Amino acid sequence: MPELPNVETLKKYIGTTSLNKKIINVEIKNTKILENISKEKIIHRLKRNKFVHTYRHGKYIFIKTNRATWLILHFGMTGYIKYFKNLDDESSHTRLLITFDNNYHLAYYNQRLFGKISFTNNKEKYITQKTLGVDALNLDYNGFKELMANRRSKIKPILINQQLISGIGNIYADEVLFQSGIHPETKINNLSPKKIKDIYMNIKEVLQIAIKAKANPDNFPDKFIIPHRKRKGVCPKGNEELKTIKINGRTTYFCPVHQKLE
DNA sequence: CGTGGCTCCTGGCGGC
DNA sequence: TGCCGCCAGGAGCCAC
């Protein structure tokens, strides 16, 4: 699930549901998702406090408490968030369950346990220690050109490298390259300045459109490849069947007609 | 630096 | 139907 548009949607969801409410209970249902913090400490730092602000960097959500510390949520492949009243709505994949004084709950689900829950007093320091690159929405054109300079790797692994640009994952990288008409295995040093600019513009456009659609592919424009990114999927610009290849172990969908390797 | 393999997990689905 | 292997929107680590 969670690449930048999904995470941004979850961030806004937390912002509209869970701020400025007293936390009366905190349950950690699986300690595997905890990163460098004990169950007891998380409970201690949250209970009887409130969330006051949300922030996102790449695929991470930071939730500030009234004690000026930040709860950090990372989602891995299968994480998401839900705010609800009836505990019957809770799933077996709940890893963190927060209860507010209005008796509503905020649950962090994560089926595959690849996500992480953490805490920090200093989010900038956390971002630095994780060596995360600039958030994709804050990336400027000159910065992007610098990232592309003197590189010889295939374009796709660079787009999903969180150390360089934070927020783009396997799915949205495919979308950006499809919109740019570029084969995902194209070597960066073979890309013209015009193509570099196309990629940059499409990063912005794809992410912004996806955020407006609340990261729900059902709401995506017809020209997007993401809704077709499945077995036997066809190119939205024509009707040719999409191809899949593995790039650094990640399944990559592309159109063999509109994304030719030059 | 770039690439590829392995690992952490759980669960759904295609294929036989 | 039953079972098995493969695959999944992430990412760290290691070897070459």
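These figures come from a predicted structure and were not determined experimentally. Below, chains carry the letters A, B, ... as their sequence lines are ordered, and counting in each starts from 1.
The distance between atom CD1 of A:I127 and atom P of C:dA11, rounded to the nearest whole Å, is 14 Å. Look at CE on A:M77: it is 13 Å from P on C:dG12, rounded to the nearest Å. Atom-to-atom, CG of A:L73 to P of C:dG10 comes out at 17 Å; the value is rounded to the nearest Å. Rounded to whole Å, the distance from CG on A:N36 to C1' on C:dG12 is 13 Å. One atom, CD of A:Q162, and another, P of C:dC13, lie 15 Å apart when rounded to the nearest Å. The CG-P distance, from A:N161 to C:dG12, rounds to 9 Å in whole Å. Note: CZ (A:F75) to P (C:dA11) measures 12 Å, nearest angstrom. Straight-line distance from the CG atom of A:L164 to the C1' atom of C:dA11: 14 Å, rounded to whole Å.
The backbone N or O of A:N170 lies less than 3.5 Å from no partner atom in the side chain of A:R250, so there is not a single donor-acceptor pair. A:Y13 places a side-chain N or O within donor-acceptor distance of the main-chain N or O of A:Y83, the cut-off being under 3.5 Å. A donor-acceptor pair under 3.5 Å is formed between the side chain of A:D174 and the backbone N or O of A:Y253.
You can see that DNA chain B meets the heavy atoms of chain A within a 4.0 Å-exclusive cut from B:dG2 to B:dG15, reading 5' to 3'.
For the pair A:H74 and C:dA11, the criterion of a side-chain N or O lying under 4.0 Å from OP1 or OP2 is met. The side chain of A:K59 contributes an N or O atom lying less than 4.0 Å from OP1 or OP2 of C:dA11. Distances shown here put a side-chain N or O of A:T251 below 4.0 Å from the OP1 or OP2 atom of C:dA8. Within the structure, a side-chain polar atom (N or O) of A:K246 is placed less than 4.0 Å from OP1 or OP2 of C:dA8.
A:G249 comes within 4.0 angstrom of no nucleic acid atom, judged by non-hydrogen atoms across all strands.
Donor-acceptor pairing under 3.5 Å is recorded for the side chains of A:S180 and A:N202. Side-chain contact, A:D135 with A:S166: no donor N or O sits under 3.5 Å from an acceptor N or O. Using a 3.5 Å distance cut-off with no hydrogens or angles, the side chains of A:K154 and A:T186 do not pair a donor with an acceptor.
When the P atom is compared between B:dC9 and C:dC4, the two are found 22 Å apart, to the nearest whole Å. Annotation: C:dC6 and B:dG5 have their P atoms spaced 14 Å apart (nearest Å).
Between A:P157 and A:S92, the residue anchored closer to the 5' end of DNA chain B is A:P157, taking for each the nucleotide with the nearest heavy atom. Annotation: of the two residues near DNA chain B, A:L113 and A:R231, the 5′-most nearest-nucleotide partner is A:L113.
Using a cutoff of 4.0 Å between basic side-chain nitrogens and carboxylate oxygens, A:K243 and A:E185 are not scored as salt-bridged.
Summarising the base pairing, B:dC9 is matched to no nucleotide, lacking a Watson-Crick or G-U wobble pair whose two defining distances lie under 3.5 Å.
For A:F75 and A:Y108, the ring centers sit closer than 6.0 Å to each other.
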